[in-house]
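One structure is given here, and the rest of the page talks about it.
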Amino acid sequence: MPSTSTPDAADSANAAPAPPAAEMAAPYGSGIPATAARIRTHHLQAAKRNGQKFAMLTAYDQYTAQIFDEAGIEVLLVGDSASNNVLGNETSLPITLDEMIIFSRAVTAGAKRALVVADLPFGSYEQSPEQAIASSVRLMKEGLVHAVKMEGGAYYAPTVRALTQAGIPVMAHIGFTPQSEHMLGGYRVQGRGEAAQAMVDDAVALADAGAFCVLMEMVPAATAVAVEAAVSVPTVGIGAGNSTTGQVLVWQDMAGLRTGKMAKFVKQYAQLRTVLADAAKAYGDDVRAGTFPGPEHTF
Ligand code: KIV
């Protein structure tokens, strides 16, 4: 949590209008003010306290970040899913810290209001809390992100503690953790039956260590309800039912850019692949027919 007594005034340092009096009077208690110049972790925590929900989407470049930010999405995730969704890898494992920094820099250039969180990629934090701090500092210093996300359960509580003590906000990611896909035996729902209690224990340990939010991927709705009730910090779900404070989707899934079988938890709000394909076909047809460029495009 930021220690400044007027965080939103600090947020607005470069913006012309001062925050309204109501926001100044209760900066931590009123959920997510529409006027917040920048979404902060305390806004998400207030959202949970006030029974508000927030939305999170992945973003990997300047324009999508701008579009989602202007659409009011509260949190943008520079996910290591850039490995699959941008770089064309089969899994999230190959992406490097250097590559994550480039994507982070692009997203932070486009996001004026959203809280921007970047994934610590596989291999950048597992060895020690010191390694996690060094990697996170690079994401924040070079990628300019506001927080990091880290996969793993209670075992990583000391790392979360070290990061938060170093001033680095951490979103903990439990349930199905794609970086451990080979350990978990593929894309499988986690936390069923007796495993539910272990997931609650993981969430509590990570929140107690200072995580500002717990993200759950592919867990039964009933387990997510138990986790949400057990921690005071907000939760975010992807394939975790509707009880979490926030929801996240990969943007190419949400907007219908990716082909192939969609996970059950994906809802497609657009068919961008068709829109882009139609635009490309129309352009190609015009060029081949000699109708583009026309006189209006010619110097
Ligand atoms: O990298 C990513 O996109 C993620 C989401 C699936 C939560 O971690």
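Order of appearance sets the numbers: ligands from 1, and atoms from 1 within every ligand. As a basis for the values below, the full set of heavy atoms in this structure was taken, side chains included, without hydrogen atoms, waters or symmetry mates.
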Task: Reference residue Gln179; test side-chain hydrogen bond (donor to acceptor under 3.5 Å, both in side chains); the match among Asp80, Asp119, Thr91 - done: Asp80
- [ ] Answer with yes or no whether Lys149 contacts ligand 1, where contact means a heavy atom under 4.0 Å from a ligand atom.
- [x] yes
TODO: Decide yes or no for His146 and Arg38: does some side-chain heavy atom of the first lie under 4.5 Å from some side-chain heavy atom of the second?
DONE: yes
TODO: Between Ser81, Ala59, Gly239, flag the one that comes closest to atom 2 (C) of ligand 1 by a heavy atom.
DONE: Ser81
- [ ] Give a yes or no on this: more than 12 heavy atoms of other residues, nucleotides or ligands lie within 6.0 Å of atom OH of Tyr283.
- [x] no
TODO: Decide, yes or no, whether a salt bridge links Asp98 with Arg138 under the criterion of side-chain N to carboxylate O below 4.0 Å.
DONE: yes
Open item on the list: Is the shortest side-chain heavy-atom distance between Ile174 and Leu215 below 4.5 Å?
Closed with: no
Task: Pairwise side-chain contact, Phe54 with Pro234, heavy-atom cut-off 4.5 Å (strictly under) - done: yes
Open item on the list: For Arg113, is there an ion pair with Asp69 - N to carboxylate O distance below 4.0 angstrom?
Closed with: no
Open item on the list: One residue to check: Thr58. Relative to ligand 1, which of side chain, backbone, both or neither has a non-hydrogen atom less than 4.0 Å away?
Closed with: side chain
- [ ] Below 4.0 angstrom from a heavy atom of Leu77, which ligand 1 atoms are there? Numbered from 1 as shown, please.
- [x] 2 (C), 4 (C), 5 (C), 7 (C), 8 (O)
TODO: Run the numbers for me: atoms of ligand 1, each under 4.0 Å from some heavy atom of His173, listed by number.
DONE: 8 (O)
TODO: Using a strict cut-off of 4.0 Å, indicate which atoms of ligand 1 neighbour a heavy atom of Gly79.
DONE: 1 (O), 2 (C)
- [ ] Examine Asp80 against ligand 1 and note whether any of their N/O atoms are separated by less than 3.5 Å.
- [x] yes
Task: ligand 1 N/O within reach of Asp119 N/O, cut-off under 3.5 Å - done: yes
Task: Interfacing atoms of ligand 1 (cut-off 4.0 Å, heavy-atom, Glu217) - done: 6 (C)
